[in-house]
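Indexing begins at 1, ligand by ligand and atom by atom, following the structure's order. This structure is a prediction, so every number in the text was calculated from the model and none was measured.
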Amino acid sequence: MNKIEIDGLHFIKYIDQKEIGQIVRRLAADIKREYVGSRPIVLIILKGSIHFASQLLLEAQLDSELVFIKINSYDGLDTSGKINIELDIAQNIENRDILIIEDIVDTGTTLHQYEMTLRDRKPKSIKICTLLMKPSKLQYSIDVAFCGLEIEDKFVIGYGLDYNEHGRNLADIYQLKQE
Ligand code: 5GP
């Protein structure tokens, strides 16, 4: 399936599942190396990171503690500029290594603002792993330790990423086609 239509918008295939698999394996090897001798708390940002996090952590065979968090900043095709933390980590993170798993970094608003709330809780380290990143959209200087792929400024869906709750089930990643 090279093209799909959701609510009147057209998307074309952009990154196929084979390439996603290669990216995830590379990131998993990097993460495994990074956390030798440590048992990090892995914060998985719902819902878009679900497939990525699951594949990444299985591949990395990382001994870690998993926590799901939910932060919203996107509204349809655009970022709202404000974050809403719907589900946060409750436990003490003082002196712990924290690895945040995100699906895509766009303006960086979500991670910039959320990271500040974590820093107040004095973890030993905070590192970010994202599958995708749109460098041309970045508005904050956030330190992304592990980045799968830098992409152009186009809206994408699939492999967990949605458009109005459609498309999360797609194994490949699709890009919005400009009409
Ligand atoms: P930021 O705060 O960096 O601007 O946006 C991050 C969040 O916006 C991501 O976690 C994701 O939920 C959403 N987002 C950003 N770009 C895209 C995109 O191209 N497609 C989808 N489906 N969501 C996106």
| task | If the plane angle is over 60° it's perpendicular, under 30° parallel, otherwise tilted; pick one for His112 and Tyr140. | result | parallel

| task | Consider every N or O of Tyr163 and every N or O of ligand 1, then say whether any pair is closer than 3.5 Å. | result | no

| note | ligand 1 to Glu102, heavy atom cutoff 4.0 Å, flagged ligand atoms 9 (C), 10 (O)

| query | Hey, looking at atom 2 (O) of ligand 1, which of Ile157, Leu111, Thr110 has the closest heavy atom? | reply | Thr110

| query | Is it the case that Gln55 and Tyr159 place a side-chain donor and acceptor less than 3.5 Å from each other? | reply | yes

| said: Tell me whether Phe155 reaches ligand 1 (any heavy atom closer than 4.0 angstrom to a ligand atom). | reply: yes

| Worked verdict on Lys47 versus Glu165 for salt bridge (Lys or Arg N to Asp or Glu O under 4.0 Å) | CA-CA 10 Å; Lys47 306 176 204 169; Glu165 290 301 329; 3.0 Å; yes

| field | Candidate with minimal heavy-atom separation from atom 11 (C) of ligand 1, of Ile151, Thr109, Ile104 | value | Ile104

| task | For a salt bridge (charged side-chain N to carboxylate O under 4.0 Å, His left out) with Asp172, tell me which candidate from Lys3, Lys18, Lys13 qualifies. | result | Lys13

| field | Heteroatom proximity flag, Gly108 to ligand 1, N/O under 3.5 Å | value | yes

| query | Yes or no on salt bridge (Lys or Arg N to Asp or Glu O under 4.0 Å) for Glu65 and Arg96, after CA distance, side-chain angles and deciding distance? | reply | CA-CA 11 Å; Glu65 245 176 89; Arg96 297 289 305 269; 3.0 Å; yes

| Proximal candidate to atom 5 (O) of ligand 1 [heavy atom criterion; set Asp106, Ile45, Leu132] | Asp106

| task | Take every heavy atom of Lys134, measure it against each atom of ligand 1, and state whether any distance is under 4.0 Å. | result | yes

| said: Checking side-chain polar atoms at under 3.5 Å, does Asp153 have a donor or acceptor matched by the opposite partner on Ser136? | reply: no

| field | Atom indices of ligand 1, in the order listed, that fall short of 4.0 Å to a heavy atom of Asp162 | value | 21 (C), 22 (N)

| note | Closest to atom 23 (N) of ligand 1 (heavy atoms only, candidates Leu176, Asn164, Ile71, Leu161) is Leu161

| request: Give a yes/no verdict on whether any heavy atom in Gly48 is under 4.0 Å from an atom of ligand 1. | output: no

| message | Is there a side-chain contact (heavy atoms from CB on, under 4.5 Å) between Asp97 and Leu99? Walk through the geometry before answering. | response | CA-CA 7 Å; Asp97 290 315; Leu99 174 65; over 6 Å; no

